Amino acid sequence: MIQIVRNVQLWFTPPDAEAEGSTPDYRFSLANERTFLAWLRTALALIGGGFAVDQFLPDLGRGWRVGLALALLAAGVLCSLRAVNHWVRCETAMRKGEDLPVSRFPAVLSIAVAIVAVAMVVVVLLGRE
């Protein structure tokens, strides 16, 4: 729990992250930043998809529409929070010369998106009942 709080604190105080270890090759830091931005683009796409489902599928039953939209919106929120957390953890690991942290989040996110996609296929095949 203490490590989670420390990671969240580092989100807002990048100079504290720079105090850890030694400066890595700038190319690695820039690659880490590009990965962070890719995660943010994914989060924005999920959030946009959630709003699109809610706004542009009015014939879809309210329960389905709200459920699918909320699932996509929640995935977008989690993805954006995970992006910054992963960026800080990777930057800290590079500065300390440690292995980069592994994460199950990409697998969990992929499964969640697949479930939403399958639900949407079912709804389309059933005629949006």
Side-chain angles (χ1 to χ4, degrees):
M1 184 66 172
I2 293 173
Q3 186 61 34
I4 292 171
V5 172
R6 171 122 172 82
N7 283 342
V8 171
Q9 288 173 339
L10 290 175
W11 295 1
F12 301 103
T13 56
D16 288 352
E18 292 175 359
E20 303 256 354
S22 60
T23 303
D25 186 330
Y26 71 91
R27 293 174 292 182
F28 299 130
S29 289
L30 292 174
N32 190 29
E33 187 174 332
R34 285 190 301 273
T35 302
F36 166 73
L37 294 172
W39 277 103
L40 284 184
R41 285 190 300 273
T42 302
L44 288 171
L46 289 166
I47 291 167
F51 280 118
V53 165
D54 185 50
Q55 294 299 309
F56 298 118
L57 297 176
D59 296 336
L60 190 60
R62 177 162 168 73
W64 277 103
R65 191 177 75 238
V66 170
L68 293 172
L70 287 177
L72 290 169
L73 291 168
V77 168
L78 290 173
C79 191
S80 65
L81 293 174
R82 184 66 178 119
V84 69
N85 187 54
H86 188 70
W87 174 79
V88 167
R89 290 175 59 218
C90 286
E91 192 67 27
T92 302
M94 287 188 299
R95 292 177 105 26
K96 291 180 174 180
E98 298 173 348
D99 290 339
L100 293 178
V102 295
S103 175
R104 291 183 183 99
F105 184 76
V108 172
L109 179 64
S110 297
I111 290 168
V113 169
I115 290 169
V116 170
V118 167
M120 292 176 85
V121 167
V122 168
V123 168
V124 168
L125 290 176
L126 294 177
R128 298 182 181 180
E129 295 177 6

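Computed from a prediction, not measured in an experiment: that's the story for all the values here.
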Can Leu73 and Val77 be said to form a side chain to side chain contact (heavy atoms under 4.5 Å, CB included), step by step? CA-CA 6 Å; Leu73 291 168; Val77 168; 5.6 Å; no
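The side chain to side chain contact (heavy atoms under 4.5 Å, CB included) test applied to Arg27 returns Asp25, not counting sequence neighbours. Every side chain to side chain donor-acceptor pair (under 3.5 Å) that Arg65 has, sequence neighbours left out, goes to Asp54. A search for side chain to side chain contact (heavy atoms under 4.5 Å, CB included) contacts involving Arg104 returns nothing, not counting sequence neighbours. For Val108, the side chain to side chain contact (heavy atoms under 4.5 Å, CB included) test picks out no residue, with sequence neighbours left out. Here Asn32 pairs with Trp87, Cys90, Glu91, Met94 under the side chain to side chain contact (heavy atoms under 4.5 Å, CB included) rule; sequence neighbours left out.
Between atom OG of residue Ser80 and atom CG of residue Asn85 there is a gap of 11.5 Å, rounded to the nearest 0.5 Å. A distance of 11.0 Å separates SG of Cys79 from NE2 of His86, quoted to the nearest 0.5 Å.
Transitive grouping of hydrophobic side chains (ILVMFWY, heavy atoms separated by less than 4.5 Å) brings Leu78 and Val116 into a common cluster. If you chain together hydrophobic residues whose side chains sit under 4.5 Å apart, Leu72 and Phe105 fall into the same group. In this structure, Val84 is a member of the same hydrophobic cluster as Leu37, with clusters built from ILVMFWY side-chain heavy atoms closer than 4.5 Å.
Ser103 and Arg82 make their closest contact through OG-NH2, 2.7 Å (heavy atoms, listed as atom of the first residue, atom of the second, distance).
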Donor-acceptor contacts, no H, no angles, side chain residues 38-53, under 3.5 Å, sequence neighbours left out:
unit_1	atom_1	unit_2	atom_2	d
Thr42	OG1	Ala38	O	3.0

